[in-house]
Amino acid sequence: MTLTAEADKVALLAEITRQNKIIQALMNRAERSTNAQGSNFSSSQATVMLEDQVRNRTEDLETTLRDNKKITRELHAAQSNLLAMAREAGMAEIANNVLHNIGNVLNSINVSTGLIKNKMRDTKAQGLSKAVQLINEHAENLGDFLTHNDKGKLLPGYLNKLVTALAVEQQSVIEELELLTKCVDHIKTIVATQQSYAGKTNVIEAVQVSNLLEDALRINANALARHWVTVVTEFADIPLLMLDKSQLLQILVNLIGNAKQALEGVMDRSHQLTLRMNIIDLADGQRLQICVEDNGEGITQKNMARLFVHGFTTRKYGHGFGLHSCVLAAKEMGGTLIAHSDGLGKGATFTLELPAKPVEDSQWGR
Amino acid sequence: MGTLGNRRILLVDDMPTIHEDFRKILASEAVSELDEDEALLFGAPSSTTSIHFDLDSAYQGAEALDKVTASLLADLPYAMAFIDMRMPPGWDGVETIERLWQADPALQVVLCTAYSDYSWAEVLTRLNVRDRLLILKKPFDAIEAYQLADHKMGNDQASRVQNERAGTSG
């Protein structure tokens, strides 16, 4: 072998050793880093574990979310029940008071009618027929009978007393009848007052205003049809609002009823009732605006001033409760009720404005 | 003492119209000249067999107690009382009866109620009724009230005489 071949061989061996060392170092490094993350197999195993964990956690979260929604629904339902019970309890109390008051008035009615019946049954007029019978029995010699007979002599005096007694009797019956009329009026007042209070339970809930307006129209439907009233509705598409549903309904029913009455006597044009509902933006927030407009008999300047006064009415059988309690209810709800009319025969528009509070889920309806 | 023929009735109700009703029902008509003439002319006597009642009024439970106490002091106890169930703002009927019976255990009572506040069972547990209490539902007929008053007169007579014999007061 030549020297160069020998040298080459040594160099080659050295190179191999050197490469081996590098490889070894690299392998060591690789092994170290692989151990840090686990081997390829254990790394995929870790990924699977991780994915499992993520999946489990997601499932847990979803279950919790479902439970949450279920709890929220149940809470809403419970709250609705409580609202209904509160309203019923309030109305039960009102109804009890009404029963008590009406029971008392009915008692007076009973006693009055009993008294009138008894008086009529035992009327002194019976004495009159007996007296006439006596006269008839002595028709042949009446003059002699009246002048000389013991009984006959009493007769003229008796008849005079009878006239007075009958007048007294008639007067007392008339008084009882007047009392009866007052009792019946009293019952009407009690019922009307109860109706105007029925809405005052101050229960606030989420309300679909367009539905409520339809309800109010439905309640007045028969009357409106009877008087050939065409109803025009212009309802904006608005979200649910937090409102006192029964008070608002009470106001609407009153306003629609008034409009119908204003149209009743109008003969020279077709009857129209327009209901408008929308939300208006003001500086201090949004307001719900409802307009009830009729083309009926209108309101005179003189009556405008007294329109909302308690007891004011232009109706023959009106009790003057309606508009006054409407404006009070509007005020109670933080709103206003105003009337406008161009005058006699020119129709009228009643505008109700209330704060528009949207429903917020996170607050569970408050 | 000397309660035979006691016709004193105490009316206890917060509504004046009810007092009016009772007076109309329980008032008797005096025999008039007219009736006397009729008896002479036609022979048939008019039937005035109605009893005369002595009526007093109280508008609250406390006022009723005052009147009962006074009546005992004057030795002119009431034979009976018509008491309303609901008399705001003061005591209700049941409480009034409790207190009246503390003062005058022999007092006969008719409890008037327009509707049921308490059930009858509840009333019985609260009051020791014995035979002193009857119930009258409003609205009532004149004849019901009259009959009760008449009946209670008898009860009162019997119980007061019995109490005297037994040596208990009132």
Side-chain angles (χ1 to χ4, degrees), chain A residues 92-93 95-119 122-135 137 149-166 168-169 172 175-176 179 182-183 186-187, chain B residues 11-50 59 82 84-89 92-93 110 112-118 136-147:
Chain A
E93 178 60 33
N96 273 342
N97 279 331
V98 169
L99 280 177
H100 180 244
N101 290 336
I102 289 186
N104 280 332
V105 182
L106 278 178
N107 211 66
S108 299
I109 289 179
N110 243 13
V111 169
S112 260
T113 52
L115 218 67
I116 293 173
K117 254 191 341 198
N118 286 344
K119 278 209 157 76
D122 301 334
T123 176
K124 294 273 171 270
Q126 288 167 132
L128 185 60
S129 47
K130 286 193 194 147
V132 169
Q133 199 178 354
L134 207 55
I135 288 172
E137 278 167 13
N149 183 286
D150 280 336
K151 282 192 186 174
K153 281 191 276 191
L154 287 172
L155 209 51
Y158 168 72
L159 284 172
N160 276 290
K161 286 185 202 141
L162 191 61
V163 163
T164 315
L166 279 172
V168 167
E169 194 179 277
S172 76
E175 278 167 8
E176 285 304 321
L179 185 64
K182 280 207 195 103
C183 284
H186 192 190
I187 290 185
Chain B
L11 307 168
V12 188
D13 195 308
D14 63 324
M15 289 213 48
T17 47
I18 297 291
H19 291 256
E20 273 309 302
D21 293 340
F22 274 113
R23 279 174 202 282
K24 279 187 201 168
I25 295 170
L26 300 172
S28 60
E29 285 181 43
V31 176
S32 65
E33 262 186 49
L34 200 69
D35 297 315
E36 287 170 354
D37 281 2
E38 281 181 357
L40 287 169
L41 280 166
F42 314 124
S46 49
S47 52
T48 39
T49 49
S50 58
Y59 299 90
F82 284 96
D84 187 34
M85 184 56 118
R86 260 197 171 214
M87 296 182 284
D92 70 3
V110 172
C112 305
T113 162
Y115 67 102
S116 48
D117 255 334
Y118 302 99
L136 180 62
K137 273 281 191 85
K138 282 197 261 193
F140 49 77
D141 273 343
I143 186 67
E144 290 179 282
Y146 190 88
Q147 207 184 92

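No experiment lies behind these values; they were computed from the predicted model shown. Scope of the values below: all heavy atoms of this structure, side chains included, with no hydrogens, waters or symmetry mates. Proteins get letters first, then strands, A, B, ... in listed order; numbering begins at 1 in each.
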Backbone of A:N110 reached by a side-chain donor or acceptor of B:D141 within 3.5 Å
no

Kindly give the heavy-atom pair with the smallest separation between A:G127 and B:E38, and that separation in Å.
CA-OE2, 3.8 Å

Nearest 0.5 angstrom please: [X] [atom1] to [Y] [atom2], how far?
{"X": "B:I25", "Y": "A:N107", "atom1": "CD1", "atom2": "CG", "value": "6.5 Å"}
{"X": "A:I109", "Y": "B:D21", "atom1": "CD1", "atom2": "CG", "value": "10.0 Å"}
{"X": "A:S172", "Y": "B:K24", "atom1": "OG", "atom2": "NZ", "value": "10.0 Å"}

Examine whether an atom of [X] lies under 4.5 Å from a heavy atom of chain B, and if so say whether it belongs to the side chain, the backbone or both; otherwise answer neither.
{"X": "A:E176", "answer": "side chain"}
{"X": "A:L179", "answer": "side chain"}
{"X": "A:L106", "answer": "both"}

Can you list the steps and then say if B:D35 with A:K124 is a side chain to side chain contact (heavy atoms under 4.5 Å, CB included)?
CA-CA 9 Å; B:D35 297 315; A:K124 294 273 171 270; 3.9 Å; yes

